[in-house]
A.B. asks: 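One structure is given below, represented as C-alpha cells, and several questions about it will come after.
Letters A, B, ... mirror the listed sequences (proteins, then strands); counts begin at 1. Side-chain atoms are counted along with the backbone in the values below, which use heavy atoms only and exclude waters and symmetry mates. Keep in mind it's a predicted model, so treat the numbers as computed, not measured.
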Protein chains: 2
Amino acid sequence: MPADPKNPVTLKDVATASGVHFSTVSRALNPATRNLVKPQIAARILETARTLGYRPNSLASSLRTKRSGVVGVVVPDMASLLFPPILEGIEHNLLKEGYMTIVANSANDPQRHRRILEGMMERQVDGLIIASATLRDPILDEWLQGHAPIVLMNRTDEFGRAPAVLSDDIKGIGLAVHHLAGLGHRRIGHIAGPASLSTGAARLNGFLLACAELSIPEAQRPVVTSAAFSREEGRRACVTLLAQNPDLTAIVAANDMIALGCYDVFAQQGLVCPRDMSITGYNDSPFMDVVSPPLSTVRIHQRDMGLEASRLLLARIAGQDMPGDVLLRPQFIARQSTAAP
Amino acid sequence: MPADPKNPVTLKDVATASGVHFSTVSRALNPATRNLVKPQIAARILETARTLGYRPNSLASSLRTKRSGVVGVVVPDMASLLFPPILEGIEHNLLKEGYMTIVANSANDPQRHRRILEGMMERQVDGLIIASATLRDPILDEWLQGHAPIVLMNRTDEFGRAPAVLSDDIKGIGLAVHHLAGLGHRRIGHIAGPASLSTGAARLNGFLLACAELSIPEAQRPVVTSAAFSREEGRRACVTLLAQNPDLTAIVAANDMIALGCYDVFAQQGLVCPRDMSITGYNDSPFMDVVSPPLSTVRIHQRDMGLEASRLLLARIAGQDMPGDVLLRPQFIARQSTAAP
DNA sequence: AAATTTGCTACAAACGTTTGTAGAGCTTCA
DNA sequence: TGAAGCTCTACAAACGTTTGTAGCAAATTT
C-alpha cells in the first residue's frame, strides 16, 4: 500500500522507516549485494520495503548504471502479418532476461524512421533490432557506430554493416520455382518486391538463378516489380504482368500479400486458381492455409526469427561479437494454389 | 560526429566547448526557455551541440521532470490478428506527441501479466493501455491507484474501475443474430468466449438478448463456451455444440478465430458452409474477406480503437478526466458464410 | 593483552538533466 | 553621479539510484 500516489516511496523512505542508511537498503534489496548486510537487518528491510510498497525507479538506476534494460524494435509495417509472431519471439527471449521492448512502426517513412531511432537512442536503449532497413540506408549510418548494439532482422543492408537474421531468400524462392517446374510449368512470372529492400532483391535473384538452373529462357520468365509488399501493389503489378504475358501459367510472388493481390486480380479476370494459373507466396503468414485456395508458399519460421534476433542481440549486449549473419532455412509448403498447367 | 561511442557527449561537454555554463546550454536547447538566453549565444550553442553530435539523455531528464515520455501497452496475445492495427493506431497518436510505447504480451498468463506491469511501472511509464484485463482482475487492483493513468481497451473489468474503449459487443452480436434471423434461421447456436473476459460475457449477453427479442425459444439457442478465443478451442467447442444439437442451422461465434475453428470442423465433418451451416465471426480481422468462404462478421474499427484509447490516455495524462467509457459502433459485414437455411 | 582481521554500516560522490536564485554588467532615469 | 531596473549568465540543489571508501565494533590471531 503505497502511501501517496503522488509521492512514491523511495529508498530513503524505506531507510528511515527501518532505521538504516539508504545505501544499506539498496544493498539489501539487490540480491547480488545482499550478502553484504546482516541477515536479520536485511530481512527487516525487505519486510518494510514490502509493507511500504516500495518500487524501484528504473530511471534513476539506469542513469547510474548506464543500462536501461530496454531494447528498441523497429518494424516497417505493423499491420503486416509477418511481424506479430516475430515480436512475440523477441519479447519472449527479452522478458526472460528482464528486458522490456519498445516497439515502433516506421511505416516505411524515412522521416519517421529517423525520429523513432532518435527517440530510442535518447531513451538509452541497450540495443536495437531493426526490421526496417533498406539496402542503402543513410539513416543506418548514423547509428551503427553509436553506443547501442544493432541487429538487423528480415532485411539487411547492402554492405552487411550489422549482423542480420534473415530468411535464406535465394534458396526459398528456388524451392518455389522448382516446385512449379516440377509440376510442369515452363512460363513463370515473378512479381518482385521493391528493389530497394534486400528481400525484394534477394528473391528476384533467387528467381533468376532458379530459372537459369532449369534453363528456362529469358522470354519465359518475365518479371514485374511491385512498389510495395502490399496487396494493393500486388494487384497493380499482377495486372501488368498478365497483360504483357498472356501465356503465363504460373506466378511466383515475392510475398504472401502480393499473392493475395493476385488472387483479387484472378477473381476479377475470371481466372480460376490453380486451374488457369498457379501461384506461390512467401512467408507463410498466419491464415494462408485458410484463404481460398489455400496458398502454396515458402514458410519462414517467424517466431524463430524473433528468437534468433533477440538471442543475437543479447549476446552482443553482453559483449560477445557475432562475426556473420544467421540464415534461417526456409521450407516450401505446397497447398492448393499450385497445380499442373 | 559524436567523439567517442563509449562516452556520449553531455550538456557539460557542449558547455565547455562553447564557453558557457551547462545550465545555459540546457536553456538554449529547450525551445521553451530559449528566450532566456541571448540570441547569438543561443545560436552558437545550437551550432556546437550539432557539430558535437549532442543527444539528450532522456533518463536524466525524466528523472528530474518526472515525465518519462513512455507509455506501456499490454496485449493478451500478440499473435492475434486483432492487435496489430490497434497498436498501429496507438503508436500513431502517441508518436505525434513525442511519446514512445513499450508493448508487452501477457500471453494470458497472470504471472507474466504482473511482471510486465511491474516492469512498466518501474520504468516510470506516464500511462498504461491495458487490453488484457479480466473481469475480476486482482492484478489490476494494485495499479489503479498508482501514479500512472490507466485506460482499458477492448476488454473492461467488472466494475468499470478505469475508463475503457470498447466495441459495443451487445449491439454487435445483435447485428449478427438479426442478420441470421432475417435469413430465416431459427435454431442458432452460440460459441461463447471465456466467461472471465468482458468480451466473452458481453457477447453472450448480446446473443441471449437478441434471441429473446426474436422470441427464439431457449431450446433453440444453445450455448457452448470456448476456453479461449482461439482456433483450437473453437474447434473443440464446435464439436460439442454440433454433437449436442444436430438440428442447428447457424452458429454465432464469439470471434473470428473461433469461427475459423468451426471452419475446420465443418471441413472435417463434411458440412458445406453456408449450404449446410451458416456462421458469423466477430472483429473482422484482417483477411477474413479472403478465407473460404469469406466470413460474415461484425467489424470493429480496430485502428479507431487504438486511436481512441491513446487519445483518452493522453487526455488523462494531461489531467482531463474522462467520466465514462467509449463504445465504438460495430458494423455487420455480410459475406459468404451466411445464407438461408 | 595487544594487534590484526572480519563483518557490517554510514558517508559521499556520481550519473545527466531541469530549474530556482543570486549576481554581474548594462541601460535608464532622477 | 548614483540608484534602480533589466538582461543575461553562473551557481547550486535536486531527482533516486549505485558503489567506492572510511570507520567502527566484534571476532580472531599472536
Side-chain angles (χ1 to χ4, degrees), chain A residues 2 4 6-45 49 52-70 98 121-126 147, chain B residues 2-4 6-45 49 52-70 121-126 147:
Chain A
D4 179 4
K6 224 50 195 164
N7 277 51
V9 21
T10 74
L11 277 187
K12 282 185 185 158
D13 300 325
V14 181
T16 57
S18 37
V20 295
H21 193 263
F22 71 96
S23 67
T24 306
V25 177
S26 172
R27 293 191 229 262
L29 257 30
N30 182 345
T33 53
R34 188 169 303 155
N35 58 325
L36 292 178
V37 20
K38 193 192 292 193
Q40 29 170 318
I41 299 204
R44 175 153 49 96
I45 292 177
L52 286 181
Y54 170 73
R55 208 171 291 289
N57 182 332
S58 276
L59 297 185
S61 154
S62 302
L63 180 60
R64 173 65 219 240
T65 61
K66 301 191 175 306
R67 293 189 54 256
S68 65
V70 175
M121 285 304 192
E122 290 180 4
R123 283 171 181 82
Q124 311 297 116
V125 293
D126 290 336
H147 66 289
Chain B
D4 178 5
K6 224 49 195 166
N7 277 51
V9 20
T10 74
L11 277 188
K12 281 185 185 157
D13 299 327
V14 181
T16 57
S18 36
V20 295
H21 194 261
F22 71 96
S23 67
T24 306
V25 177
S26 172
R27 295 192 227 262
L29 257 30
N30 182 345
T33 52
R34 188 169 302 155
N35 58 324
L36 293 178
V37 22
K38 194 193 289 192
Q40 30 169 320
I41 300 205
R44 175 154 48 97
I45 292 177
L52 285 182
Y54 170 74
R55 208 171 293 287
N57 182 331
S58 276
L59 297 186
S61 155
S62 302
L63 180 60
R64 174 64 219 241
T65 61
K66 302 192 174 306
R67 293 190 53 256
S68 66
V70 175
M121 285 304 192
E122 289 180 4
R123 282 171 181 81
Q124 312 297 115
V125 292
D126 290 337
H147 67 288

A.B. asks: Tell me every residue that passes side-chain hydrogen bond (donor to acceptor under 3.5 Å, both in side chains) with A:D126, counting only those two or more places apart in sequence or in another chain.
C.D. replies: A:S68
A.B. asks: So which atom in A:L29 and which in A:Y54 form the shortest heavy-atom distance, rounded to 0.1 Å?
C.D. replies: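 Nearest pair, atom of A:L29 first, then A:Y54: CD2-CE2, 3.5 Å.
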A.B. asks: Minimum heavy-atom separation for A:I45 and A:S18, please, with both atom names.
C.D. replies: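 Looking at all heavy atoms of both residues, the shortest contact is CG1-OG, 4.1 Å.
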A.B. asks: Mind calculating the distance between CG (B:D13) and C1' (C:dC15) to the nearest angstrom?
C.D. replies: 13 Å
A.B. asks: Rounded to the nearest angstrom, tell me the gap between atom CG in A:L36 and atom P in D:dC24.
C.D. replies: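 In whole Å, D:dC24 P and A:L36 CG are 20 Å from each other.
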A.B. asks: So, using side-chain hydrogen bond (donor to acceptor under 3.5 Å, both in side chains) as the criterion, who are the partners of A:S23 when residues are at least two apart?
C.D. replies: A:H21
A.B. asks: I'd like a list of close polar pairs between nucleotides 16-20 of chain D and the protein, N/O only, cut-off under 3.5 Å.
C.D. replies:
{"unit_1": "D:dG16", "atom_1": "OP1", "unit_2": "B:K66", "atom_2": "NZ", "d": "3.3"}
{"unit_1": "D:dG16", "atom_1": "N2", "unit_2": "A:A60", "atom_2": "O", "d": "3.3"}
{"unit_1": "D:dT17", "atom_1": "OP1", "unit_2": "A:Y54", "atom_2": "OH", "d": "2.9"}
{"unit_1": "D:dT17", "atom_1": "OP1", "unit_2": "A:N57", "atom_2": "N", "d": "3.4"}
{"unit_1": "D:dT17", "atom_1": "OP2", "unit_2": "A:L11", "atom_2": "N", "d": "2.8"}
{"unit_1": "D:dT17", "atom_1": "O5'", "unit_2": "A:Y54", "atom_2": "OH", "d": "3.2"}
{"unit_1": "D:dT18", "atom_1": "OP2", "unit_2": "A:S26", "atom_2": "OG", "d": "2.6"}
{"unit_1": "D:dT18", "atom_1": "O2", "unit_2": "A:R64", "atom_2": "NH1", "d": "2.1"}
{"unit_1": "D:dT19", "atom_1": "O4'", "unit_2": "A:R64", "atom_2": "NH2", "d": "3.4"}
{"unit_1": "D:dG20", "atom_1": "O6", "unit_2": "A:R27", "atom_2": "NH2", "d": "2.3"}

A.B. asks: Would you work out how much the helix from C:dA1-D:dT30 to C:dA30-D:dT1 bends between its ends, with each end axis defined by five base pairs, to 10 degrees?
C.D. replies: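 Inter-axis angle at the termini of the helix from C:dA1-D:dT30 to C:dA30-D:dT1: 60°.
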A.B. asks: Return the set of residues passing side-chain hydrogen bond (donor to acceptor under 3.5 Å, both in side chains) with B:R67 (not counting sequence neighbours), or none when no residue passes.
C.D. replies: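 B:R67 satisfies side-chain hydrogen bond (donor to acceptor under 3.5 Å, both in side chains) with B:Y99 only.
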A.B. asks: Calculate the interatomic distance between B:Q40 atom CD and D:dC8 atom P; express it in whole Å.
C.D. replies: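 It is 10 Å, rounded to the nearest whole Å.
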A.B. asks: Give the minimum heavy-atom separation between B:D13 and B:L52, together with the two atoms involved.
C.D. replies: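 In terms of heavy atoms, the two residues are closest at O-CD1, 4.0 Å.
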A.B. asks: From NZ of B:K38 over to P of C:dG25, roughly how many Å is that when rounded to an integer?
C.D. replies: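 Whole-Å distance recorded here is 13 Å.
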A.B. asks: Rounded to whole Å, how long is the line connecting atom CG of A:N35 with atom P of C:dT6?
C.D. replies: 16 Å
A.B. asks: Sequence neighbours excluded, which residues qualify as side-chain contact (heavy atoms from CB on, under 4.5 Å) partners of B:S61?
C.D. replies: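 Testing B:S61 for side-chain contact (heavy atoms from CB on, under 4.5 Å), a comparison that skips the adjacent residues, returns B:T65.
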A.B. asks: Rounding to a whole Å, what distance do you find between A:R123:CZ and C:dC15:P?
C.D. replies: 23 Å
A.B. asks: Is there side-chain contact between B:E122 and A:N57, with at least one heavy-atom pair below 4.5 Å?
C.D. replies: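 No, side chains not in contact.
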